[in-house]
> 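The following block contains the structure, expressed as structure tokens.
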Amino acid sequence: MLIMNQQIQEALNVLLTTVITGVIGVIGALISVYLNKLKDKAIASTNAIKDDSTKKLVQNAINRLNELVFTNVRSAQETLVKEIIQNAEDGYSKEDLLAVKDIVRENILKQLSQDSKDLIATEIANIDSYIDEKIEVVLAEIKSQIK
């Protein structure tokens, strides 16, 4: 009887993991679509800028921001997340992973010059929200590549 209960528990854990993994994939796809819409909106706003040199500067600043997000998420995944998982004897909490997100955002903002931040702010009203959403999308893309 005890063995049967353990087998049922293990089967339920596998099922729950499968369902959660599928839901994460769907959510990642929805976030990706949303972020692509934001990106398209930023590009459309940037294209509305009449001065070509200013338009190019803004586009370069946004592209640099996107590259920094990807690089910093990848770096955090290789260092911070692995460290949290390895050191967490009783598992890791959502707060641990949110702290990683905050660290990544702060690193990105430190790596951007004030001029870049100012240029980006002309097209993206809330840089922190944009970075957070972009971090989520990059994490979802990385997770989908690992599977």
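Below, all heavy atoms of this structure are taken into account, side chains as well, without hydrogens, waters or symmetry copies.
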> Working to the nearest 0.5 angstrom, can you tell me the gap between Leu112 CG and Ile131 CD1?
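Rounded to the nearest 0.5 Å, the CG-CD1 separation comes to 6.5 Å.
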
> Mind checking side chain to side chain contact (heavy atoms under 4.5 Å, CB included) for Asp128 and listing every partner two or more places apart, or none if nothing turns up?
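Here the qualifying residues are Arg105, Leu109, Asn126.
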
> Got a donor-acceptor contact below 3.5 angstrom from the Thr122 side chain to the Leu119 backbone?
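Indeed, once roles are kept as given, a pair shorter than 3.5 Å links the two residues.
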
> Could I get the full list of side chain to side chain contact (heavy atoms under 4.5 Å, CB included) partners for Glu67, not counting sequence neighbours?
none

> If every non-hydrogen atom of Ile120 is compared with every non-hydrogen atom of Ala61, which pair is closest and at what distance?
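Heavy atoms of Ile120 and Ala61 come nearest at CD1-O, 3.5 Å.
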
> Check each of Arg74, Glu133, Arg64, Lys134 against Val69 using the side-chain contact (heavy atoms from CB on, under 4.5 Å) test, and report the only one that passes.
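Running side-chain contact (heavy atoms from CB on, under 4.5 Å) over Arg74, Glu133, Arg64, Lys134 with Val69 returns exactly one hit, Lys134.
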
> What's the separation between atom CG in Asn63 and atom CG in Leu68, rounded to the nearest 0.5 Å?
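CG of Leu68 is found 11.0 Å from CG of Asn63.
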
> Report yes if the side chains of Lys56 and Asn60 come closer than 4.5 Å at any heavy-atom pair, otherwise no.
yes

> With a 4.5 Å limit on heavy-atom distance, are the side chains of Leu65 and Tyr130 in contact?
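Yes, close enough: below the 4.5 Å cut-off.
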
> What residues form a side-chain hydrogen bond (donor to acceptor under 3.5 Å, both in side chains) with Asn107, not counting sequence neighbours?
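side-chain hydrogen bond (donor to acceptor under 3.5 Å, both in side chains) list for Asn107, sorted by chain: empty.
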
> Please name the pair of heavy atoms, one in Lys117 and one in Ile127, separated by the smallest distance, quoted to 0.1 Å.
O-CD1, 3.6 Å

